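What you are looking at is a predicted structure, and each value in this text was computed from that prediction instead of being measured.
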Amino acid sequence: QVQLVESGGGLVQTGGSLRLSCAASGRTIDRYAIGWFRQAPGKEQKFVAAIIWNGESYHEDSVKGRFTISRDNAKNTVYLQMNSLRPEDTAVYYCAAEGSTGVFRLLPQEYPYWGQGTQVTVSS
């Protein structure tokens, strides 16, 4: 199994940028699909973006054009570059992994491996 650790969260102003990292250990990420989810206070976890083994990615509508998921196989790390941040992006961000079947998974319950989360706060 794979272990995941998120980092890079913090406090930024509206319009600012952050890059979140999801460092994997135990297994290499190249044969896993990695998803980013976020959970705002009082809300359910919601899909943000995912990248699958062949490098294809998918981003939720509210973040398209602002967020970009990428991976660095040499570093065994997946990133979420977040630009043009808005207060509504405030949430705990989690990365999650599943054994890739070459298709995107959008539901939290489809991902068996999770990191601890990193807080992103965007002030207005």
Side-chain angles (χ1 to χ4, degrees):
Q1 61 182 348
V2 63
Q3 294 80 46
L4 306 172
V5 178
E6 303 96 332
S7 62
L11 174 64
V12 297
Q13 294 183 333
T14 297
S17 297
L18 286 172
R19 188 179 72 164
L20 305 184
S21 298
C22 175
S25 62
R27 298 289 189 275
T28 55
I29 63 172
D30 58 323
R31 292 304 187 189
Y32 285 83
I34 304 294
W36 284 97
F37 294 80
R38 63 187 179 184
Q39 186 169 23
K43 297 183 179 180
E44 298 295 318
Q45 281 187 326
K46 187 176 180 181
F47 174 83
V48 176
I51 188 165
I52 58 177
W53 68 270
N54 66 357
E56 294 182 46
S57 62
Y58 175 78
H59 300 75
E60 190 269 331
D61 285 345
S62 70
V63 308
K64 286 180 179 177
R66 300 189 299 120
F67 293 8
T68 303
I69 189 171
S70 63
R71 71 183 183 196
D72 186 336
N73 289 339
K75 297 181 179 179
N76 214 29
T77 299
V78 171
Y79 302 97
L80 185 68
Q81 178 67 46
M82 306 186 296
N83 300 324
S84 301
L85 283 162
R86 307 164 180 168
E88 53 263 41
D89 295 319
T90 294
V92 177
Y93 284 71
Y94 300 89
C95 66
E98 61 144 351
S100 178
T101 60
V103 298
F104 292 106
R105 307 296 186 186
L106 307 182
L107 301 176
Q109 57 264 40
E110 295 175 311
Y111 289 79
Y113 309 110
W114 290 80
Q116 83 288 349
T118 186
Q119 176 71 49
V120 171
T121 302
V122 185
S123 63
S124 59

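Going from atom CG of D61 over to atom CZ of F47 covers 10.5 Å, rounded to the nearest 0.5 Å. L18 CG to T118 OG1: the interatomic distance, rounded to the nearest 0.5 Å, is 8.5 Å. Residue Q81 holds its CD atom at 7.0 Å from OG1 of T68, rounded to the nearest 0.5 Å. Here CZ of R19 is found 9.0 Å from OG of S7. Values are rounded to the nearest 0.5 Å. Here CG of L11 is found 9.5 Å from CD of Q119. Values are rounded to the nearest 0.5 Å.
Of the possible donor and acceptor atoms, none in the side chain of D72 sits under 3.5 Å from a partner among the backbone N and O of T77. Formation of a donor-acceptor pair under 3.5 Å by the H59 side chain with backbone atoms of G65 is not found in this model. Panel note: side chain Q39, backbone A91; no donor-acceptor pair is recorded below 3.5 Å.
Transitive grouping of hydrophobic side chains (ILVMFWY, heavy atoms separated by less than 4.5 Å) brings I51 and V63 into a common cluster. Residue V92 is not grouped with residue Y79 when hydrophobic side chains (ILVMFWY) are merged at heavy-atom distances under 4.5 angstrom, including chains of intermediate members.
Side-chain contact between Y111 and Q45 is absent, with no heavy-atom pair separated by less than 4.5 Å. You'll find the side chain of M82 reaches within 4.5 Å of the side chain of V120, heavy atoms only. Using a 4.5 Å cut-off on side-chain heavy atoms (C-beta onward), Y58 and K64 make contact. At a threshold of 4.5 Å between non-hydrogen side-chain atoms, the residues I69 and V78 count as touching. By the 4.5 Å heavy-atom criterion applied to side chains, S17 and N83 are counted as neighbours. Residues E6 and L20 form no side-chain contact, since every pair of their non-hydrogen atoms from C-beta on lies 4.5 Å or further apart. Residues P87 and T14 are in side-chain contact: their nearest non-hydrogen atoms beyond the backbone lie under 4.5 Å apart. Residues L4 and Y94 have side chains not in contact (no heavy-atom distance under 4.5 Å, counting atoms from C-beta outward).
For the residue pair W53 and R31, the shortest heavy atom distance occurs at CE3-NH1, 3.1 Å. Counting all heavy atoms, side chain and backbone alike, S25 lies closest to N76 at N-ND2, 4.2 Å. Annotation for F104 and S57: closest pair CZ-C, 3.5 Å, computed over non-hydrogen atoms.
The side-chain contact (heavy atoms from CB on, under 4.5 Å) check on D89 picks up R38, R66, F67, L85, R86, Y93, V122, with sequence neighbours excluded.
The environment of CD in Q13 is sparse: at most 12 heavy-atom neighbours from other residues, nucleotides or ligands sit within 6.0 Å.
Relative ring orientation between Y113 and Y32 is described as perpendicular, the plane-to-plane angle rising above 60° on a 0-90° scale split at 30° and 60°.
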